[in-house]
Amino acid sequence: MFKTLILVFILGFSGFLHQASAQPVRVLISISKDRISERFSNKVYHKLIRNGFSEEDFSITQDADQHTLYQSLNDPQTQALIWISHGATPRLSRKMKRQIANGAGNGMSAQPELVDYRGDNVAPVFKKYSKNIRYVAVVGCNSQEILDYVGSGIATDDAIEKYIPTKKIIAQFAIRKVIKQLSNIELLDSTTAEPMEPIQNTISITRTIPSDADSDLIRPLRIMIGNELMGVLPALQAGETRTWQIPVSEDKIKQVKLETGQNIMTDPTKINFGDLKITLPDQTSMKIFSKTDGTPFGLNFRLFILP
Amino acid sequence: MKNIKKIVVMAAVIMSIMSTGFAKESHALIGLAFKSKPVKVIGGVGAGLGVGLGVYGYATAVTTASLGGVIVGAVFMYYGVIVAGVGLVILDEKNISDIEFKAIDVNRPEYYTGFSREQVETYNNELAQLNSIRQTMIAESNDTADTSDAEALWKIYSSYLSPATVKIAEQNAANFLTMIR
């Protein structure tokens, strides 16, 4: 029935990538318009070469999604990362901003987004990154506000040189500035992975995509326990099944969220999680938060709770 | 150098034009939209709060008091700049942002007047459930201006939450509505 491929991946905090790249500089471009994406890719390539970088020093990836971003941020070989995409923030009046600053509207807020080439919000992925990163650029308007909203420490990490704009930007100018900044960063000849902590507990996540599923609708899934990002699972193909063991620091987990990041106005028929199963360290199977008829609640995330 | 100056001047002209064009909308800074249409506006807690969002530039007046409508609300937001085409054209696209329920700081009792710390902790613990229900309501509500469908959904789905969570969610939604008026 399904072409079953069950693999067990141990996702540690580092060194887990099956396609780890050695380039210290990663450029990820994620813009929906192919012509612009290609133009930016060429622009970045030529600027890096002109500024003394060799082709072995960097990689440029177009159509980057949250899994690619997570891999690049957490690869111990990455020392500099440049992300280029749209940043989307709600327009608020001065009156509203004052009210919010005074605590009004506490309890509800409009979510700003850093969107990839498919319009999926990838901002929470910036919550976790390798300590070997020395430079990061998030070339998208109002990126500082977006990263602050999701609680990413990368924007305030004093150990990292950065370009994270606080307002609208013109991308061409921004790229020029970023490459210039990057040229002044001293990159190490090699980096070492952070020592892995002994794995105390793991949760098991199994995802099965039906064989008749449209693979274009299958997204990577980020794993959130509370506000903590645990990892990002790659998208699978139709008919594929995989199981991952995710190290966790708590042995008493009550909720796990798996998020695609797709926009709230996405047609529900265009969202496909596949079949998901989560098992806790004590072998308890979590259940999806759903209606009495079994239909899961939620649009761009699935919430797993204790039975 | 001359070319650079031309580009800078052109960019300044373009940006000033864009700013002027958006000035009118800058007052309509929260648009409550639903399924890409400026409909499904919201009322408040009880009919007494009356109508109107005070949102300029967006269609459809409020005619019903509808907490469910608040809960399914969404906000227009604008993509930032990515340059496209020839020269320094600024593309500014609209998109819909999710209005989500957020955790309340239990150490700030001024933020949850009328509720106990325990009730707020219950609310915070059920935040993910609350937001998943909210998303489902957005997906299942219809495209008409009448918010009774959202109300009906909230009546059904709120039963999956603790009473404290429901009460605090409704209060938060009402406060949010008041803030944007």
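Side chains are part of it too, since the values below use all heavy atoms of this structure and drop only hydrogens, waters and symmetry mates. Below, chains carry the letters A, B, ... as their sequence lines are ordered, and counting in each starts from 1.
- Remark: A:Thr284 pairs with A:Leu280, A:Asp282, A:Pro307 by the side chain to side chain contact (heavy atoms under 4.5 Å, CB included) rule, at least two apart or across chains.
- The two residues B:Ala128 and A:Phe301 come nearest to each other via the heavy atoms O-CZ, 3.6 Å.
- The number of heavy atoms from other shown groups lying within 6.0 Å of NZ (A:Lys177) does not exceed 12.
- Partners of B:Glu121 according to the salt bridge (Lys or Arg N to Asp or Glu O under 4.0 Å) rule, which considers only residues two or more places apart in sequence or in another chain, are B:Arg117.
- In this structure, CE in B:Met137 is found 13.5 Å from CG in A:Leu299, a value given to the nearest 0.5 Å.
- If you measure heavy-atom distances from B:Asn125 to chain A, the contacts under 4.5 Å come from the backbone alone.
- Using a 4.5 Å heavy-atom cut-off against chain A, the contacting residues of residues 159-168 of chain B are B:Tyr160.
- Contact annotation for A:Thr269: neither backbone nor side-chain heavy atoms come within less than 4.5 Å of a heavy atom of chain B.
- By the 6.0 Å contact criterion, CG on A:Asp267 is enclosed, its count of non-hydrogen atoms from other residues, nucleotides or ligands being greater than 12.
- In this structure, chain B has no heavy atom under 4.5 Å from any part of A:Thr295.
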List the steps and the verdict of side chain to side chain contact (heavy atoms under 4.5 Å, CB included) for B:Gln129 and A:Ile305.
-> CA-CA 9 Å; B:Gln129 286 93 321; A:Ile305 58 178; 4.0 Å; yes
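- Around atom NZ of A:Lys291, more than 12 heavy atoms belonging to other residues, nucleotides or ligands sit under 6.0 Å away.
- Atoms CD and CG, from A:Gln255 and B:Leu127 in turn, are 9.0 Å apart once rounded to the nearest 0.5 Å.
- For chain B, no part of A:Lys167 is nearby; none of its heavy atoms comes within less than 4.5 Å.
- Qualifying ring-ring contact (aromatic ring centres under 6.0 Å, His included) partners for A:Phe289, counting only residues two or more places apart in sequence or in other chains: A:Phe297.
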